[in-house]
Undergrad: 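Quick one: the structure is below, questions incoming.
Remember, it's 1-based here, ligands and their atoms both numbered in the order they're listed.
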Amino acid sequence: MPTTHLCKSCGQPITGRYLNALNADWHPEHFCCTVCQQPITDARFYVHEGRPCHPACYANSLAPRCTHCNKALTGQYQINSWGDRYCSDHAQTMASCGYCGRLVPHTTKRMRRRSIEAVRCDHCASTAIENTPQAKLLMTNLIIWVEAQGMGFRQKTFRIELLDRADFISRKSGRRDPLGLTSSTRFMRQKRVDHAKIESVAILRGLPHTLFEGVCIHELGHVWLVQQNIVNLPSLDEEGFCELLAYRHYIEIGSNVDLFYARGIAENSDAVYGGGFRKLKRLEERVGFAQIIKALLRKKKLPL
Ligand SMILES: [Zn+2]
Ligand SMILES: [Zn+2]
Ligand SMILES: [Zn+2]
Ligand SMILES: [Zn+2]
Ligand SMILES: [Zn+2]
């Protein structure tokens, strides 16, 4: 006795020719495309959510489209941190945005080598901080946020500047980070730092808004340390502390862009910035942020 084949589509027994596909039997005329509902006669077909479809129907109606050329992505393709999908070969020709990593049309890989700001995508450009009044306004709110972390400032007025790359590099004094620079003067008495005055906080011009905030928070960490006369921390501890502060801000705001930059801090391969952050993050998880602040204020160093 031959076994009875039931058609997966209509549920009726199949007496003549039948087709076996997707772990089921079908009347040949009932094995239909999920898009156009017409029978699939070719041995080559696509499967979309468990349903068969014509390769052409898949490409026309279901396949994701390339962000850059709008071609249907039916073979291998790439996807970036923002969920954009694109043809694999674009990554060979276009440069990626120095800030967010998106591929930028009309660029070449060579352009990217110059500096972080050499290639900036439209997303990042549309929120960029380009002038000082804008920067000052944002900084006012960021100072309030930092103070709410238990970090009071002795002096809240200092110069805030946006610098182009050349000026940023040529600035001599201060603690230089990749995108920010805090300058201060230390007043000595009997060979010890008596007090310190913040002269200015400079940020590289043109950073996208979210990154600008993170960089400012980091610099405000340095400002606070100087104002509290905590001037002898090893670089690993100081940069780690400032990165932790910026990280906390990104996590608190929590937009997908903030979380992207938070990940950047956590995964930074740099020994001082990345290594310092991871050291401070472990410390924070063990003793809590408030305890870190308390120890810094009382003992001018990190808690054990
Ligand atoms: Zn059938
Ligand atoms: Zn079809
Ligand atoms: Zn494409
Ligand atoms: Zn970008
Ligand atoms: Zn720093």
Side-chain angles (χ1 to χ4, degrees), residues 29-42 44-48 51-63 67 72 74 80-84 94-105 107 111-112 116-129 146 168 174-184 198 201-204 206-212 214-226 230-231 233-247 256-257 260-261 264-265 268 270-277 280:
E29 67 275 20
H30 286 164
F31 187 65
C32 293
C33 168
T34 182
V35 176
C36 71
Q37 316 299 334
Q38 297 303 307
I40 295 172
T41 51
D42 199 326
R44 221 172 71 87
F45 59 89
Y46 276 66
V47 180
H48 178 76
R51 312 288 305 271
C53 66
H54 293 112
C57 291
Y58 178 80
N60 290 335
S61 312
L62 298 173
T67 308
T74 54
N80 65 17
S81 336
W82 308 97
D84 302 327
M94 289 186 219
S96 56
C97 173
Y99 305 109
C100 72
R102 288 182 176 93
L103 293 179
V104 186
T107 60
M111 295 164 72
R112 181 67 177 80
I116 185 172
E117 68 271 24
V119 178
R120 190 176 66 175
C121 76
D122 288 347
H123 280 91
C124 292
S126 70
T127 69
I129 309 306
V146 172
F168 186 78
R175 185 175 273 273
R176 186 190 310 280
D177 291 311
L179 305 172
L181 177 68
T182 295
S183 305
S184 60
I198 297 295
V201 170
I203 310 285
L204 199 66
L207 302 188
H209 173 253
T210 307
L211 179 61
F212 174 88
V215 171
C216 284
I217 296 277
H218 176 109
E219 295 310 315
L220 287 173
H222 288 305
V223 168
W224 182 80
L225 289 169
V226 169
I230 304 161
V231 289
L233 288 183
S235 287
L236 186 77
D237 293 356
E238 177 150 355
E239 297 305 344
F241 173 73
C242 296
E243 285 293 83
L244 177 62
L245 198 59
Y247 179 87
N256 66 338
V257 185
F260 170 80
Y261 288 114
I265 288 179
N268 189 348
D270 183 273
V272 174
Y273 289 86
F277 167 76
L280 267 286

Undergrad: Rounded to the nearest 0.5 Å, what's the gap from OH on Tyr273 to CG on Asn268? Could you check?
TA: 9.0 Å
Undergrad: Quick one: pull up OG1 in Thr182 and NE2 in His218 and give me the separation to the nearest 0.5 Å.
TA: 7.5 Å
Undergrad: Is there a donor-acceptor contact under 3.5 Å from the side chain of Thr74 to the main chain of Ala59?
TA: no
Undergrad: Below 30° counts as parallel, above 60° as perpendicular, anything between as tilted: where do the rings of Phe260 and Trp82 land?
TA: tilted
Undergrad: List in chain and number order the residues that pass side-chain contact (heavy atoms from CB on, under 4.5 Å) with Ala118, two or more places apart in sequence or in another chain; answer none if no residue qualifies.
TA: Arg114, Ser115
Undergrad: When you look at NE2 of His30, are more than 12 heavy atoms from neighbouring residues, nucleotides or ligands closer to it than 6.0 Å?
TA: yes
Undergrad: May I ask you to decide if Ala56's main-chain N or O and Asn60's side chain share a donor-acceptor pair within less than 3.5 Å?
TA: yes
Undergrad: Determine whether Tyr247 and Ile217 satisfy the following criterion, side chain to side chain contact (heavy atoms under 4.5 Å, CB included), listing intermediate values before the conclusion.
TA: CA-CA 9 Å; Tyr247 179 87; Ile217 296 277; over 6 Å; no
Undergrad: Exactly one of His222, Arg175, Arg176 should register a side-chain contact (heavy atoms from CB on, under 4.5 Å) with Leu181. Which one does?
TA: Arg176
Undergrad: Taking 2.8 Å as the distance threshold, tell me the number of protein N/O/S atoms next to the Zn ion (ligand 4).
TA: 4
Undergrad: Please confirm whether the backbone N or O of Thr34 pairs with a side-chain atom of His54, one donor and one acceptor, at under 3.5 Å?
TA: no
Undergrad: Short of 2.8 Å from the Zn ion (ligand 5), name each protein N/O/S atom, waters not counted.
TA: Asp177 OD1, Asp177 OD2, His218 NE2, His222 NE2, Glu239 OE1
Undergrad: Which protein N, O or S atoms does the Zn ion (ligand 2) have within a distance shorter than 2.8 Å?
TA: Cys33 SG, Cys36 SG, His54 ND1, Cys57 SG
Undergrad: Would a distance-only check, ignoring hydrogens and angles, find a side-chain to backbone donor-acceptor pair under 3.5 Å from Arg120 to Gly206?
TA: yes
Undergrad: Can you name the closest pair of heavy atoms from Ile40 and Phe45 and give their distance?
TA: CG2-CB, 3.9 Å
Undergrad: Specify the closest pair of heavy atoms between Pro52 and Cys32, including all atoms of both residues, with the distance to one decimal.
TA: CG-O, 3.5 Å
